[in-house]
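Just so it is clear: chains get the letters A, B, ... in the order the sequence lines come, proteins before strands, and each one is counted from 1.
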There are 2 protein chains.
Amino acid sequence: MSLSHAILGFLNYAPMTGYDLKKAFDTSVCHFWPADQAQIYRALRDLMRRGWATVEIVPQEDRPNRKVYHITDSGREELRRWLCTPTEPEDPRVPLLIKVFFAGQLADEEAVALLEAYEARLRARLEEYARIPQQAAQYAEAIQSPREVFFWALTLDYGVRLTRAAMEWTEEARRAIPNVRREK
Amino acid sequence: MSLSHAILGFLNYAPMTGYDLKKAFDTSVCHFWPADQAQIYRALRDLMRRGWATVEIVPQEDRPNRKVYHITDSGREELRRWLCTPTEPEDPRVPLLIKVFFAGQLADEEAVALLEAYEARLRARLEEYARIPQQAAQYAEAIQSPREVFFWALTLDYGVRLTRAAMEWTEEARRAIPNVRREK
DNA sequence: TGTTTATATTTGACTTGTCTTATATATGAC
DNA sequence: GTCATATATAAGACAAGTCAAATATAAACA
């Protein structure tokens with residue numbers, strides 16, 4: 001499970017609560033690994049069970065107690081082990097392609113509309129990506145580690161490249177559709 | 001659910017059994033939408049419940065009876081409706097990027113090895129893709145519809161483009177790593 | 001004064017997808 | 001003669017992810 005290890009990665013920076021972790025995910029890795037809040041809390045229980053994390057309960061009077069999770073030595077070992085283990089590229093699930101696969105049954109304009117709508121969403125995503133570096137700048141300054149910043153930037157670059165490739169595909173596909181003969 | 005609709009798409013070509021459908025998936029859309037056998041049979045039950053498909057039981061003496069599923073008129077309507085509905089690009093889950101995100105903690109060589117292994121797998125995938133057109137040629141001849149063939153080819157092209165983009169990323173990333181300063 | 005947002009955790013239900021096993025039989029390969 | 005493969009369906013267990021609700025309180029805003 002990638003989620004538990006992602007959590008270990010964050011806890012290795014600093015002890016955090018489930019709430020903190022949710023925010024950390026939502027402001028950093030959510031573009032390639034979104035995390036549900038319920039999932040995070042469940043994963044934390046799991047990390048405890050495996051001895052990769054411990055809790056420190058910090059009482060608060062006005063709000064629920066904070067349960068601050070700390071990575072353990074064996075957690076750090078596990079994180080390193082996992083980080084060095086080669087990863088298989090996941091086979092991507094692309095719902096749009098199912099529609100494209102059966103799009104022979106649609107009129108040209110319908111198929112083109114499908115691709116145009118998709119392209120518009122990809123463009124929006126690209127614009128989102130473009131806003132990330134500014135948001136991340138504060139983090140980068142706080143952490144003072146150009147090496148960390150470099151790897152963070154790599155993950156963004158991946159998203160940009162793949163999104164651009166998908167857009168180039170939609171553009172060419174759109175242009176090609178009107179040239180397809182209907183019958184042999 | 002995309003799976004049910006993909007099944008409707010196939011049933012719209014011809015009536016099929018669950019077994020036939022599994023083969024259809026495995027020889028066509030499995031690169032962007034793999035389907036588990038158990039899932040297919042469950043989805044067929046669901047299609048029946050919704051009135052989008054009907055069964056015809058064809059008795060056989062030597063083997064289990066064939067349950068041949070037919071798309072209904074309302075199933076055809078639903079398929080069309082679904083095909084024309086714009087699709088949101090899924091947010092991709094890329095486990096590798098979690099490792100890259102935390103790769104600042106690794107040595108240069110470890111990070112490079114991670115990317116190299118990934119690139120090798122992507123290369124293998126690209127070679128798989130290269131073999132598909134020959135396999136699909138029989139299908140294409142059987143169906144005699146250049147329009148269908150065109151859309152099928154589009155789905156393959158998507159895979160090729162995205163895989164190439166990912167490979168270009170790994171290449172550049174690998175080359176950039178040795179140039180990162182460790183401390184500020 | 002009332003509403004929204006932020007802090008903080010837990011639980012339950014549910015959907016998808018994966019993996020495994022069970023059941024039956026025929027054909028072809030070695 | 002045996003083993004693998006093809007035909008055909010069903011069901012159970014489980015992991016991962018999603019969604020929503022319950023509980024509690026403070027600060028900020030209109």
Estimated bend of the helix from dT1(C)-dA30(D) to dC30(C)-dG1(D) (axis per five terminal pairs, rounded to 10 degrees):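 Taking the rotation axis at each end, their angle is 30°.
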Nucleotides 14-22 of chain C: protein proximity per nucleotide (B base, S sugar-phosphate only, - neither; heavy atom, under 4.0 Å): --SSBB---
Measure from [atom1] on [X] to [atom2] on [N] and round the result to the nearest Å.
| X | N | atom1 | atom2 | value |
| --- | --- | --- | --- | --- |
| E90(A) | dA15(D) | CD | C1' | 18 Å |
| E56(A) | dA8(C) | CD | P | 13 Å |
| R45(B) | dT9(D) | CZ | C1' | 11 Å |
| D26(A) | dA8(C) | CG | C1' | 15 Å |
| D46(A) | dG17(D) | CG | C1' | 15 Å |
| I40(A) | dT11(C) | CD1 | P | 17 Å |
| Y41(A) | dA20(D) | OH | P | 19 Å |

pair [X]-[Y]: side-chain heavy atoms closer than 4.5 Å:
| X | Y | value |
| --- | --- | --- |
| I98(B) | V29(A) | no |
| W82(B) | S4(B) | no |
| L114(A) | L96(A) | yes |
| E172(B) | D157(A) | no |

Does the distance from a Lys or Arg side-chain N to an Asp or Glu carboxylate O, for [X] and [Y], drop under 4.0 Å?
| X | Y | result |
| --- | --- | --- |
| E78(A) | R81(A) | yes |
| R42(B) | D46(B) | no |
| D91(B) | R125(A) | no |
| E119(B) | R123(B) | yes |

Separation between NE2 of H5(A) and CZ of R80(A), rounded to the nearest 0.5 Å: 13.5 Å
Return the OG to CH2 distance between S74(A) and W52(A), rounded to the nearest 0.5 Å.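 Result: 7.5 Å between the selected atoms.
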Residues of residues 11-25 of chain A with any non-hydrogen atom less than 4.0 angstrom from an atom of DNA chain D: list those, numerically ordered, please. none
Taking the six-membered ring for Trp and the single ring otherwise, decide whether the centroids of F151(B) and F102(A) are under 6.0 Å apart.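 That pair fails the under 6.0 Å test.
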